[in-house]
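The next block holds one structure in the form of structure tokens; read it before the comments.
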Amino acid sequence: FFFKQKTAYEIAQRLVGSEMCIRDSPWTEQEEVELLRAHQKFRNSWADIAATLGGRNNNVVKNKFYTIFRKVSQKIERSDLTYTSNNELFKMHYIIGVIFQYLHKPPAEIDHTRKRGTDYTLKLIEKLNLEKVCEFKGKLPTLETEVCAKEQKAKPDPSSLKVSEKYALPTLPIAQKDSSKRQP
């Protein structure tokens with residue numbers, strides 16, 4: 001049997017609209033932050049996160065999230081407080097927030113419908129030393145963003161907060177589509 005070899009153009013046309021990852025360029029710092037913001041909104045719903053990022057499939061998005069997770073975990077283990085940008089500092093704060101949310105969540109509240117992902121996340125967290133994570137969190141500089149500067153909200157006294165409030169995820173606004181600009 002003789003099979004005709006497909007050209008690059010034919011292959012690209014076949015992949016448009018499919019779940020194949022069309023964009024395989026290296027991740028930018030901004031894309032990583034967008035991934036974490038989408039994770040903040042959708043949790044481990046990788047297909048929804050991939051849809052917001054565009055051009056990356058859900059498996060690539062999941063692998064990138066866990067790569068970021070492992071890198072921050074390794075920084076915690078080494079007590080490495082160095083960071084090169086506010087985006088990297090945001091990643092460290094966000095992942096620490098995820099760790100504390102899992103640690104302080106009663107077993108009954110853990111979503112077992114997505115059992116494989118939950119088990120993998122818990123397995124990564126179990127490797128960490130909780131005291132070391134707390135110590136690292138205390139030494140980490142606070143997250144200063146333009147959003148926090150604009151709001152000028154007074155921060156409550158940390159000693160008056162419950163454990164779950166102390167280690168809440170940093171909140172940054174997720175870009176929303178403006179529905180007022182719909183065309184009739």
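Side-chain atoms of His93 and Lys137, non-hydrogen and from C-beta on, do get closer than 4.5 Å to each other. Between Phe100 and Val133, some side-chain heavy-atom pair lies under the 4.5 Å cut-off. Counting heavy atoms from C-beta outward, Gln101 and Arg43 have side chains that approach closer than 4.5 Å.
If you check the side chains of Asp80 and Thr82, you find a donor sitting under 3.5 Å from an acceptor.
Between Gln74 atom CD and Phe69 atom CZ the span is 11.5 Å, to the nearest 0.5 Å. The OG atom of Ser73 sits 9.0 Å away from the NZ atom of Lys127 when rounded to the nearest 0.5 Å. Atom CD1 of Ile125 and atom CG of Leu130 lie 10.5 Å apart (nearest 0.5 Å). We find the CD1-CZ distance between Ile95 and Arg70 to be 11.0 Å, quoted to the nearest 0.5 Å.
Shown here are the side chain to side chain donor-acceptor pair (under 3.5 Å) partners of Glu88, two or more places apart in sequence or in another chain: Lys75, Thr84. Under the side chain to side chain donor-acceptor pair (under 3.5 Å) criterion, Lys139 pairs with Glu135, sequence neighbours left out.
No donor-acceptor pair closer than 3.5 Å links the side chain of Tyr83 to the backbone N or O of Met92. Judged purely by atom type and a 3.5 angstrom limit, Glu31 uses its side chain to pair as donor or acceptor with the backbone of Thr28. Side-chain atoms of Thr52 come within 3.5 Å of backbone N or O of Ile49 as a donor-acceptor pair. A donor-acceptor contact shorter than 3.5 Å links the side chain of Lys132 to the backbone of Glu77.
By the 6.0 Å contact criterion, CD on Gln30 is enclosed, its count of non-hydrogen atoms from other residues, nucleotides or ligands being greater than 12.
Taking 4.0 Å as the cut-off between side-chain N and carboxylate O, Glu29 and Lys91 count as a salt-bridged pair.
Judged by the 6.0 Å and 45° rule, Arg56 forms a cation-pi pair with Trp27.
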